[in-house]
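The structure appears right after this line, and notes come after that.
Just so it is clear, the values below take in all heavy atoms, side chains as well, and ignore hydrogens, waters and symmetry mates. Predicted, not measured: the structure shown is a model, and the values here were computed from it.
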Amino acid sequence: MRDFDYSAPTSVAEAVRVLGQHNGTARPLAGGTDLIDQIRIGRHQPELVVDLKRLPELNVLEVSEAGLRLGAAVPCCRIRENSAIVRHYSALADSARIIGGIQIQSRASVGGNLCTSGPAGDSIPSLIALGARAVLTGPAGTREVAVEDFCTGPGKNVLQRGELVVELRFPGSVPHSGSHYLRFIPRNEMDIAVVSVGAAVVLDAKLARIVSARIALGAVAPTPLLAQQAGALLAGQEPGDAAYQQAAEAARGIISPIDDMRGTREFRRHVTGVLVRRALETAVARARHGV
């Protein structure tokens, strides 16, 4: 591993200043579970690593009627253990449970996972399905970006020089809503999604029809995708195999999978449909039973 300098700013303003001063040669550190490996293999060669994980603003975890505020450095272990998140933002808890093992989950953060911007990032489909927005702060001030617009390519995103993700904001939970995230992996030793799906639904008061739905797809395109048409097709429909199959077909229509050592294009297309149906089934069941 190449040598680098280390900085631990004590405020967001100081972190922005330090990141902006180094002409793109500084890298922010949240949990470090991706960054340290990437430095080790030479994918990134920063002159400075800026440690953000102790900044109070990046460690906020607050659930209220207004929604969920999740600091970018909050580790996965805090997410999966939070009863309000498990109940009202289930897909996010699903993701946090399967990002690595216990040791990784004590350091890895959803904010860091998003900023790595991998097409197969386990948290990103959940964030998209749940309607999360990323709060970015940089030299030009603060702005918000919908998570479905954050990633621009494999390992690339909308962050400008000196910007960092401070927190993720989720809309408030509504009655009769449920969500789920699941993925297919070839084996536990290769802990990277071949296909992943996040789904969130809202049912009517009688629990008989779908009011709205959001479906997100991972590992089937250069960036995670919001399957907008697939979700729109479910509005007003009775939950069931026919509706789920229609959404699955629409989701398959927007993907552009590749062949690689983990799976073929054809296999990924098939699995996308299977996981969309399963994610919707579980999301609807959770909406009906309040879990």
Salt bridge or not for Asp259 and Arg265, using N-O below 4.0 Å? yes
Grouping I, L, V, M, F, W and Y whenever their side-chain heavy atoms are under 4.5 Å apart, do Val110 and Val145 come out in a common cluster? yes
List the atom of Pro125, the atom of Val197, and the distance in Å for their closest heavy-atom pair. CB-C, 4.4 Å
For the residue pair Asn82 and Tyr89, confirm or rule out a side-chain donor-acceptor distance under 3.5 Å. no
Can a donor-acceptor pair be found between the side chains of Glu148 and Gln228 at a distance below 3.5 Å? no
Trace of the side-chain hydrogen bond (donor to acceptor under 3.5 Å, both in side chains) decision for Arg209 with Gln237: CA-CA 5 Å; Arg209 292 194 178 274; Gln237 293 207 50; over 6 Å; no
Check whether any side-chain heavy atom of Ile79 lies under 4.5 Å from a side-chain heavy atom of Glu81, and answer yes or no. no
Is Ile215 reachable from Val271 through a run of I, L, V, M, F, W or Y residues, each pair having side-chain heavy atoms under 4.5 Å apart? yes
Looking only at atom types and distance, does a side-chain atom of Glu14 sit under 3.5 Å from a main-chain N or O of Thr10, one as donor and one as acceptor? yes
Look at the side chain of Ser64 and the backbone N and O of Ala66, then say whether any donor-acceptor pair between them is shorter than 3.5 Å. yes
Between Glu62 and Leu68 (side chain of the first, backbone of the second, donor and acceptor by atom type, cut-off under 3.5 Å), is there such a pair? no
Leu280 side chain reached by Leu234 side chain, heavy atoms, under 4.5 Å: yes
Using atom types as modelled and distance alone, determine if a side-chain donor or acceptor of Arg87 lies under 3.5 Å from a backbone N or O of Gly290. yes
Is it the case that one hydrophobic cluster holds both Leu92 and Val60, taking links as side-chain heavy atoms less than 4.5 Å apart, direct or via other members? no
Within the side chain of Ser126, is there an N or O that forms a donor-acceptor pair under 3.5 Å with the backbone of Ala91? yes
Do any N or O atoms from the side chain of Arg268 and from the backbone of Val195 form a donor-acceptor pair under 3.5 angstrom? no
Roughly how far apart are Arg17 CZ and Ser7 OG, rounded to 0.5 Å? 8.0 Å
Looking at Asp191 and Arg183, is any side-chain nitrogen of the basic one under 4.0 Å from a carboxylate oxygen of the acidic one? yes
With no hydrogens and no angle check, just 3.5 Å: does a side-chain donor-acceptor pair link Gln105 and Arg80? yes
Note, Glu266 side chain near His270 side chain (heavy atom, < 4.5 Å): no
Looking only at heavy atoms, what is the nearest atom pair of Leu52 and Ala73, with distance? O-CB, 4.4 Å
dist Glu281:CD -> Leu275:CG (nearest 0.5 Å) comes out at 11.0 Å
Looking at every heavy atom in both Pro186 and Arg262, which two are closest together, and how far apart are they? CG-CG, 4.5 Å
Which value, rounded to the nearest 0.5 Å, describes the distance between Arg169 atom CZ and Arg133 atom CZ? 10.0 Å
Check the hydrophobic clustering (I, L, V, M, F, W, Y; side-chain heavy atoms under 4.5 Å; chains of links allowed) and say if Leu203 and Tyr244 are grouped together. yes
No-hydrogen, no-angle side-chain donor-acceptor test under 3.5 Å, Thr137 and Thr142: yes
Treat each ILVMFWY residue as a node, draw an edge where side-chain heavy atoms are under 4.5 Å apart, and state whether Val50 and Leu29 are in one component. no
With a 4.5 Å limit on heavy-atom distance, are the side chains of His176 and Asp204 in contact? no
Separation of Thr33 OG1 from Ile99 CD1 (nearest 0.5 Å): 8.0 Å
Test side chain to side chain contact (heavy atoms under 4.5 Å, CB included) applied to Val201 and Val211, step by step: CA-CA 8 Å; Val201 301; Val211 175; over 6 Å; no
Does Ser196 reach the main-chain N or O of Leu182 with its side chain, forming a donor-acceptor pair under 3.5 Å? no
Hey, do the aromatic rings of Phe184 and Phe267 have their centres closer than 6.0 Å? yes
With the side chain counted from C-beta on, respond yes when Leu61 and Arg69 share a heavy-atom pair under 4.5 Å apart, and no when they do not. no
Any heavy-atom pair between the side chains of Arg288 and Val284 that's under 4.5 Å? yes
Using a 4.5 Å cut-off on heavy atoms from C-beta on, say whether the side chain of Ile124 contacts that of Val147. yes
Looking only at heavy atoms, which two atoms of Ala227 and Ile254 are closest? And how far apart? CA-CD1, 3.6 Å
Heavy-atom closest contact (Pro222 atom, Ser256 atom, distance): CD-OG, 3.7 Å
Please tell me whether Asp94 and His180 have a donor and an acceptor in their side chains that are separated by less than 3.5 angstrom. yes
Could you report the tightest heavy-atom contact between Leu35 and Pro28, atom names first, then the distance? CD2-O, 3.4 Å
Tell me whether Arg143 at atom CZ has more than 12 heavy atoms from other residues, nucleotides or ligands lying less than 6.0 Å away. yes
Could you give the distance from CD (Gln160) to CG (Leu136), rounded to the nearest 0.5 Å? 8.5 Å
If you define the side chain from C-beta out and look only at heavy atoms, does anything of Leu19 sit under 4.5 Å from Glu163? no
Looking only at atom types and distance, does a side-chain atom of His22 sit under 3.5 Å from a main-chain N or O of Val18, one as donor and one as acceptor? yes
Side chain of Asn157, backbone of Ser117: donor and acceptor closer than 3.5 Å? no
Atom pair CD1/OH of Ile128 and Tyr181 - distance to nearest 0.5 Å: 11.0 Å
Arg214 (side chain) donor-acceptor with Leu226 (main chain) under 3.5 angstrom: no
